[in-house]
Amino acid sequence: MVRDSPEPEVFNAECPSQRVLETIADKWSVIVIYALSTTETSRYSELQRLISGVSQKMLTQTLRKLERDGLVERQVYPVVPPKVEYSLTPLGKTLTELLKAMCKWAESHFDEVEAARLRYDEKSDR
C-alpha cells in the first residue's frame with residue numbers, strides 16, 4: 001500500500017492505518033489502555049469500577065475490539081466461578097506512553113477547551 005506521494009499514507013482512505021486509528025483514537029479504547037497500563041493485569045469488575053461512566057456493554061465491546069486488534073490479552077482461568085483477567089500485550093504496551101500523554105494533556109487543558117467551547121457557543125447563538 002506504499003505510494004510515491006508526499007502526503008502521509010494515513011490520508012489515503014484505503015490505507016489500513018486508518019482502521020488502526022479508528023481503534024486507538026476511540027475514547028473508551030484510550031481510557032481502557034491507560035487503565036490497563038497502571039497494573040499488570042485487571043479483572044473486568046476492577047476495570048468497571050475504575051472507569052467511571054463506561055457501561056457494561058461498552059466496556060465489553062471495547063475489550064473485545066482491543067483483543068481482536070492484538071492490544072489486549074484475555075486470560076481465562078479454569079476455576080469456578082470463572083476468573084478472567086485482562087492485560088496489555090507487548091503491542092498494546094507500545095501505546096501506553098502516547099495515550100498517557102494524551103490523557104494528561106486532556107486533564108491539564110480541559111478548562112481551556114471548555115472556555116473555548118463557551119465562547120464558540122455564545123457566538124453561534126447570536
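Side chains included, hydrogens not; waters and symmetry mates left out as well; all remaining heavy atoms used.
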Within the 4.5 Å heavy-atom criterion, are [X] and [Y] side-chain neighbours or not?
X      : Y      : value
Tyr86  : Leu63  : yes
Cys103 : Lys100 : no
Gln18  : Val10  : yes
Leu71  : Leu88  : no

Pair listing, salt bridge (Lys or Arg N to Asp or Glu O under 4.0 Å) test, anchored in residues 35-63, at least two apart | none
Which pairs count as salt bridge (Lys or Arg N to Asp or Glu O under 4.0 Å) when at least one residue sits in residues 62-90, sequence neighbours excluded?
->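 Output for this query lists Asp26-Lys65, Lys83-Glu85.
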Could you tell me which non-hydrogen atom of [X] sits nearest to which non-hydrogen atom of [Y], and how far apart they are?
X     : Y     : answer
Val30 : Ile24 : CG2-O, 3.2 Å
Gly70 : Thr89 : O-OG1, 2.5 Å
Ile33 : Gly92 : CG2-O, 4.3 Å
Ser87 : Thr41 : CB-CG2, 3.9 Å

Please assess Trp28 against Leu59 for the test side-chain contact (heavy atoms from CB on, under 4.5 Å), listing each intermediate value before the final yes or no.
-> CA-CA 8 Å; Trp28 293 118; Leu59 181 56; over 6 Å; no
Nearest 0.5 Å, what's the [atom1]-[atom2] distance between [X] and [Y]?
X      : Y      : atom1 : atom2 : result
Leu66  : Gln61  : CG    : CD    : 11.5 Å
Gln48  : Ser55  : CD    : OG    : 8.5 Å
Glu22  : Ser29  : CD    : OG    : 10.5 Å
Met102 : Leu95  : CE    : CG    : 10.0 Å
Glu97  : Lys104 : CD    : NZ    : 10.5 Å
Glu14  : Arg19  : CD    : CZ    : 10.5 Å

If hydrophobic clusters are built by linking Ile, Leu, Val, Met, Phe, Trp and Tyr wherever their side-chain heavy atoms come under 4.5 Å apart, do [X] and [Y] end up in the same one?
X      : Y     : result
Phe11  : Leu21 : yes
Trp105 : Leu98 : no
Val20  : Val32 : no

More than 12 heavy atoms from other groups under 6.0 Å of CZ on Phe110 = no
In terms of heavy-atom contacts, does CD of Gln56 have more than 12 from other residues, nucleotides or ligands at under 6.0 Å?
-> no
Report the C-alpha distance between Tyr34 and Ser37 in whole Å, list the side-chain angles of each, state the deciding distance to 0.1 Å, and finish with yes or no for side-chain contact (heavy atoms from CB on, under 4.5 Å).
-> CA-CA 5 Å; Tyr34 189 13; Ser37 74; 3.6 Å; yes
Backbone N/O of Leu47 and side chain of Ser42: donor-acceptor pair under 3.5 Å = no
Ignoring hydrogens and geometry, is there a side-chain-to-backbone donor-acceptor pair from Thr94 to Leu91 under 3.5 Å?
->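 Pair found, side chain donor or acceptor close to backbone of Leu91.
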